[in-house]
There are 2 protein chains.
Amino acid sequence: MSQHRHPGAPGRAGAVPALPDLPEATVARLPEYLRALHNLADAGHETVSSEGLSAAAGVNSAKLRKDLSHLGSYGTRGVGYDVALLIEQIEYVLGLTQRRAVALVGVGNLGHALAGYDGFASRGFRIAALLDADPSRVGEEINGLVVRHVDELPAVAVEESIAIGVIATPAAAAQSVADQLVAVGVTSILNFAPCVLSVPEGVDVRKVDLAIELQILSFHEHRKASLTALPATGGSALTALPGGLAATETQEAIGT
Amino acid sequence: MSQHRHPGAPGRAGAVPALPDLPEATVARLPEYLRALHNLADAGHETVSSEGLSAAAGVNSAKLRKDLSHLGSYGTRGVGYDVALLIEQIEYVLGLTQRRAVALVGVGNLGHALAGYDGFASRGFRIAALLDADPSRVGEEINGLVVRHVDELPAVAVEESIAIGVIATPAAAAQSVADQLVAVGVTSILNFAPCVLSVPEGVDVRKVDLAIELQILSFHEHRKASLTALPATGGSALTALPGGLAATETQEAIGT
DNA sequence: CGCGATTTGTGCACGTCTTCACAAGCGCCT
DNA sequence: AGGCGCTTGTGAAGACGTGCACAAATCGCG
Ligand SMILES: NC(=O)c1ccc[n+]([C@@H]2O[C@H](COP(=O)([O-])OP(=O)(O)OC[C@H]3O[C@@H](n4cnc5c(N)ncnc54)[C@H](O)[C@@H]3O)[C@@H](O)[C@H]2O)c1
Ligand SMILES: NC(=O)c1ccc[n+]([C@@H]2O[C@H](COP(=O)([O-])OP(=O)(O)OC[C@H]3O[C@@H](n4cnc5c(N)ncnc54)[C@H](O)[C@@H]3O)[C@@H](O)[C@H]2O)c1
């Protein structure tokens, strides 16, 4: 834990970053590994095996090893992964070595909760600005930050060098806000409004929609209910499949 | 739009539900289609083409058609899909014909926002109970619902026939809350706490983690930055791939 | 110094998802 | 009635993701 010389991560800034292009599925899991690693580090572990880490992250151990191999990270055979080193590696790949500034637009019901959330700061981000269109909200102070008017976005973007915009406005305003964010150079948006945003190429949008999550759960609930209703009657319920193409696996949800 | 006789949906309850087992990816998109369809219906559209609906939902039109074909839904060639009929079909498949009761555990910062959110009710759900462990929160009224102590969960589950549990407690308490939910028969959980939950087989857990979304955005931000830094220098940066196995596609992020 | 226990990294096979491209079907217009 | 344009539904191919199983590498111990 003195000074490591990590292989993939850059010893120098400004040189070739050598970012391997990771599978998207891997990228989506890296934050989970990172959280698990931080827990392990806090618990005093110096190293961890793929088995242990995968259990902590809730994934298959082979998948974890493959994921880590993609970012060229070197574990030690017979030992495992150095926790501190792996944290550094993943944080570098995820671009968390610089603390990115986040602008939160829409300080309503949800926005208040987000503004007061300490999980931003502890996981590599900094809420740099709170913005709203409602004049009665402007000036309010939350968690040491004053709500500013959304029209000040251009100024704020320069002052704070905003990297990520978070939209927590009603759906009707979301596209307009997204346009404003894009106009000031924001290329990453997290959208809480239940609507699709259209943005120019090169801008990434991720969406969090509570109702969608609930509806997916509802589907499985529905399916589970219909399965228990007919324990061994018809087997799998194939409605109107024309040919003889039955499903490959008849039951997988209950077995194993 | 008088009384439709929809082919896949059941005319009778209690009979064989005939739920086709949809690909998981399809299930995850159905709610998006449903939202888009409701928008179209509100705008007065009677029918919609796969092209139009896919645009509204932000997906590829072929994908949409295949998704809809999976649930045996019949559009009309040359015309498109009947909006009202398709809404019925999807709501049936997702199990939204019955309004499911949701119990929200942890009425803190985030929990307050969720409790005050009208997007639950408008999309097929009913917040049936608010629960918290903090005695000073118990008794508080939010949106017409009184916060009850989490120990009352067994009673609440029976009274309201809870279908889905939402966890908005700190991570340290999440596993315990999940266990309690499972103990009273809840088989679907939406978890906002940044931790993995272990639950028995047959229980579905979905997770929403804000920091993960931000970190994924951060990765792409990082990648974009490193790409613009070297416009035509080294092409794709492969670090230490041993053999001659180069990536199949050298550049795909910029082209097209 | 060598051996066995352990754990990583990965080739391979399999399943799932996406996308293209087009035949089949439908309605409208002449 | 017939043809024409439009749209669905789907076969097929390829891209992608997953998981097994094992060789290679490393450490600790005798
Ligand atoms: N509250 C929740 O728990 C929750 C959960 C999931 C999703 N959402 C979604 O998040 C969004 C916000 O929800 P909410 O409950 O906080 O709503 P809200 O009405 O309480 O807050 C919206 C805020 O956005 C501001 N606003 C409106 N137009 C704006 C504009 N053009 N520019 C800047 N600010 C603008 C309003 O002044 C208001 O303060 C909605 O789209 C909602 O569907 C909310
Ligand atoms: N606030 C946000 O915007 C936000 C965003 C994403 C994720 N989260 C996550 O959501 C969770 C809640 O965040 P928060 O900001 O609302 O925290 P909070 O501390 O404000 O609220 C937590 C609530 O849970 C209650 N609680 C604690 N233990 C409990 C138990 N065993 N049973 C029932 N209730 C219990 C507490 O009394 C408190 O009211 C956290 O895990 C957080 O990481 C929050």
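All figures in this text were calculated on a predicted structure; none of them were measured in a lab. Chain identifiers are assigned alphabetically (A, B, ...) following the order of the sequence lines, protein sequences preceding nucleic acid strands; residue numbering begins at 1 within each chain.
Of the possible polar contacts, none joining the A/H38 side chain to the A/I87 backbone as a donor-acceptor pair under 3.5 Å is found. Judged purely by atom type and a 3.5 angstrom limit, B/E51 has no side-chain atom pairing as donor or acceptor with the backbone of B/S61. B/H222 contributes no side-chain N or O that, together with a main-chain N or O of A/L96, makes up a donor-acceptor pair within less than 3.5 Å.
The distance between atom CG of A/D21 and atom P of D/dG17, rounded to the nearest whole Å, is 12 Å. Between the CG atom of A/L86 and the P atom of C/dT7 there is a distance of 16 Å, rounded to whole Å. The CG atom of B/L30 sits 15 Å away from the C1' atom of C/dC17 (whole-angstrom rounding). Counting to the nearest Å, the P atom of D/dG17 and the CD atom of A/E24 are 8 Å from each other. The CG-P distance, from A/L64 to D/dG17, rounds to 16 Å in whole Å. In this structure, A/D82 places its CG atom 15 Å from C1' of D/dT26, rounding to the nearest Å. Atom pair A/L68:CG and C/dT8:P shows a separation of 9 Å (rounding to whole Å applied). Rounded to a whole Å, the CD atom of B/E51 is 12 Å from the C1' atom of D/dC6.
Taking CD of B/Q98 as the start and OG of A/S218 as the end, the distance is 7.5 Å to the nearest 0.5 Å. Of the inter-residue distances, the one linking B/D82 atom CG with B/H45 atom NE2 reads 13.0 Å to the nearest 0.5 angstrom.
The residues B/D204 and A/R223 are annotated as not salt-bridged, no charged nitrogen and carboxylate oxygen being separated by less than 4.0 angstrom.
A sub-4.0 Å separation between OP1 or OP2 of C/dT7 and a side-chain N or O of A/Y74 is absent. Taking side-chain N and O atoms only, A/S50 has a distance below 4.0 Å to OP1 or OP2 of C/dT8.
Checking each of B/S54, B/S50, B/S49 against B/R65 for a side chain to side chain donor-acceptor pair (under 3.5 Å) leaves exactly one that passes, namely B/S50.
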**OP:** Indicate for each nucleotide in nucleotides 18-27 of chain C, in 5' to 3' sequence, whether protein heavy atoms under 4.0 Å reach the base (B), only the sugar-phosphate (S), or nothing (-).
**Re:** SBBB--BBBS
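When each of C/dT10, C/dT8, D/dT10 is scored by its nearest atom to the side-chain atoms of A/S69, the top-ranked nucleotide is C/dT10.
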